Trainee: 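Have a look at this one before I ask anything.
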Amino acid sequence: MATTSLTELDDDTVRSMSIGAVFSDFGGKINSVDFHRKDDLLVTASEDDSVRLYDIASAKLLKTTYHKKHGADRICFTHHPSSVICSSKYNLDSNGESLRYLSMYDNRCLRYFKGHKERVVSLCMSPINDSFMSGSLDHSVRIWDLRVNACQGILRLRGRPTVAYDQQGLVFAVAMEGGAIKLFDSRSYDKGPFDTFLVGGDTAERCGFSLEPSPNTTIEATFTPDGQYVVSGSGDGTLHAWNINMRNEVAFWNSHIGVSSCLKWAPRRAMFVAASSVLTFWIPNNSKSAAEPRSMENEGVEHISQ
């Protein structure tokens, strides 16, 4: 599978996206995916307790590790290409080891982070330093530093929080149930949010799109790196792409994998991934008829049990 570097996207390029590779040997739903910011790498965490590392330029599975004791729920890269942060699924009440800093290179846990008492549902690494954030069903957002075990800060919030940094790492956002989004200065978050707005309000919403809901799976959406397009899953198993500036739908596809539990566009390539219990790589296809996707099952796998 030959992926192309990200140049300025247009409607035709987005419309031409099709499946270039398929990985179907997961033993359950894929819980989360993340691209490395600078290297051509993708990491996944799955219900079968696996963490898997992929080379997205060659569509090759590089390594698989299993984490039976803690499970593998949310995941994100650190700045190092072979290190990730992974949240736990099991035994949260008894040991509190809700987050782990893992080396994929030699399958070691570099550090445990204790604090959350319920599942972590959102995870985000700062783009500029060793800070990262986690949002949990225990109604808190915690700020951490990779270099120390202790939590650096806690925000007590209502409902299920979702966290994200801006590209400069100076501001982070916390989205909550009900549509409220709070913006914090990452250097002085203890002073509270400097702005709060409601998604769906008359003044805050630039444009809105409707989709079929899914009763069992959270529907994910992803922006292209240039911010011009958004791609979303749907409860009927289709994928949709919209042009933000023109406010119109430019493409829709059958996902071929049912309702997507994960959807994310690569930061530096014309490529996105969609996942359920199957992982698919989507790339531009300039031929008139879409080529059959390659099945990558068990190719290049190195299994390391933990």
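In this text the structure is predicted, and so the values were computed from the model without any measurement.
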Trainee: Thinking salt bridges, do R269 and D40 make one under a 4.0 Å N-O criterion?
Mentor: yes
Trainee: Considering only NZ, NE, NH1 and NH2 on the basic side and carboxylate oxygens on the acidic side, decide whether K68 and D49 come within less than 4.0 Å.
Mentor: yes
Trainee: If the condition is side-chain contact (heavy atoms from CB on, under 4.5 Å), which residues does Y112 pass it with, not counting sequence neighbours?
Mentor: H70, E97, R100, C109
Trainee: Quick one: pull up CE in M271 and CH2 in W265 and give me the separation to the nearest 0.5 Å.
Mentor: 10.5 Å
Trainee: Calculate, to the nearest 0.5 Å, the distance between atoms SG and CE belonging to C124 and M133 respectively.
Mentor: 5.0 Å
Trainee: Give the cluster check for L102 versus L62: same hydrophobic cluster or not, with ILVMFWY residues linked at side-chain heavy-atom distances below 4.5 Å.
Mentor: yes
Trainee: Check step by step if side chain to side chain contact (heavy atoms under 4.5 Å, CB included) holds for M104 and V51.
Mentor: CA-CA 9 Å; M104 293 291 289; V51 171; 3.6 Å; yes
Trainee: Do S16 side-chain atoms and P284 backbone N/O form a donor-acceptor pair below 3.5 Å?
Mentor: no
Trainee: Output yes when a side-chain donor or acceptor of R160 lies under 3.5 Å from a complementary backbone atom of E177, and no otherwise.
Mentor: no
Trainee: In terms of heavy-atom contacts, does CD of Q167 have more than 12 from other residues, nucleotides or ligands at under 6.0 Å?
Mentor: no
Trainee: So does I128 get a backbone contact from the side chain of S126, meaning a donor-acceptor N/O pair under 3.5 Å?
Mentor: yes
Trainee: Partners of S136 by side chain to side chain donor-acceptor pair (under 3.5 Å), sequence neighbours excluded?
Mentor: D138
Trainee: So which residues get pulled into L99's cluster when ILVMFWY side chains under 4.5 Å apart are joined, directly or through others?
Mentor: I85, Y101, L110, F113, V120, L123, M125, F132, W144, L146
Trainee: Let's go through H116 and S134 carefully: what are the C-alpha distance in whole Å and the side-chain angles of both, what is the deciding distance for side-chain hydrogen bond (donor to acceptor under 3.5 Å, both in side chains) to 0.1 Å, and is it a yes or a no?
Mentor: CA-CA 9 Å; H116 286 303; S134 55; 2.7 Å; yes
Trainee: Do the side chain of S261 and the main chain of I30 share a donor and acceptor less than 3.5 angstrom apart?
Mentor: yes
Trainee: I'd like to know if the side chain of D166 reaches the main chain of L170, judged simply by a donor and an acceptor atom lying under 3.5 Å from each other, with no hydrogens or angles considered.
Mentor: yes
Trainee: Begin with the C-alpha distance, continue with both residues' side-chain angles, and end with the deciding distance and a verdict on side chain to side chain contact (heavy atoms under 4.5 Å, CB included) for V43 and K63.
Mentor: CA-CA 10 Å; V43 67; K63 183 169 288 190; over 6 Å; no
Trainee: Would you say V22 and F272 are hydrophobically clustered, going by side-chain heavy atoms of ILVMFWY under 4.5 Å?
Mentor: yes
Trainee: Looking at A72, is its backbone amide N or carbonyl O close enough to the side chain of N31 to form a donor-acceptor pair, meaning the two atoms are under 3.5 Å apart?
Mentor: yes
Trainee: Cation-pi between R52 and F26: NZ/CZ under 6.0 Å from ring centre and within 45° of the ring axis?
Mentor: yes
Trainee: Can you tell me if R37 uses its side chain to pair, donor with acceptor, with the backbone of H79 under 3.5 Å?
Mentor: no
Trainee: Determine the interplanar angle of the H240 and F252 rings, folded into 0 to 90°, and report it as parallel if under 30°, tilted if 30 to 60°, perpendicular if over 60°.
Mentor: parallel
Trainee: I'd like to know whether V273 forms a side chain to side chain contact (heavy atoms under 4.5 Å, CB included) with I56, so could you lay out the CA-CA distance, the side-chain angles of the two residues, the decisive distance to 0.1 Å, and finally the verdict.
Mentor: CA-CA 10 Å; V273 297; I56 64 170; 5.8 Å; no
Trainee: Checking salt bridge (charged side-chain N to carboxylate O under 4.0 Å, His left out) against D73, which of R119, K29, K89 comes through?
Mentor: R119
Trainee: Mind checking whether V171 and I181 sit in one hydrophobic cluster, side chains of I, L, V, M, F, W, Y counted as touching below 4.5 Å?
Mentor: yes
Trainee: Do W253 and Y229 share a hydrophobic cluster (ILVMFWY, side-chain heavy atoms under 4.5 Å, transitive)?
Mentor: yes
Trainee: Give a yes or no on whether F223 atom CZ has more than 12 heavy-atom contacts from other residues, nucleotides or ligands under 6.0 Å away.
Mentor: no
Trainee: Roughly how far apart are K264 NZ and E220 CD, rounded to 0.5 Å?
Mentor: 7.5 Å
Trainee: Which distance, rounded to the nearest 0.5 Å, do you find between the CG of D145 and the CG of N129?
Mentor: 7.5 Å
Trainee: Consider only side-chain heavy atoms of I, L, V, M, F, W and Y, link residues closer than 4.5 Å, and tell whether L9 and V250 are in one cluster.
Mentor: yes
Trainee: Is any side-chain heavy atom of D10 closer than 4.5 Å to one of T13?
Mentor: yes
Trainee: Could you check whether any side-chain N or O of D34 sits under 3.5 Å from a backbone N or O of F77, counting only pairs where one atom can act as donor and the other as acceptor?
Mentor: yes
Trainee: Counting N and O atoms only, with roles assigned by atom type, does the side chain of S32 sit under 3.5 Å from a partner on the main chain of C262, one being a donor and the other an acceptor?
Mentor: no
Trainee: Output yes when a side-chain donor or acceptor of T78 lies under 3.5 Å from a complementary backbone atom of S83, and no otherwise.
Mentor: yes
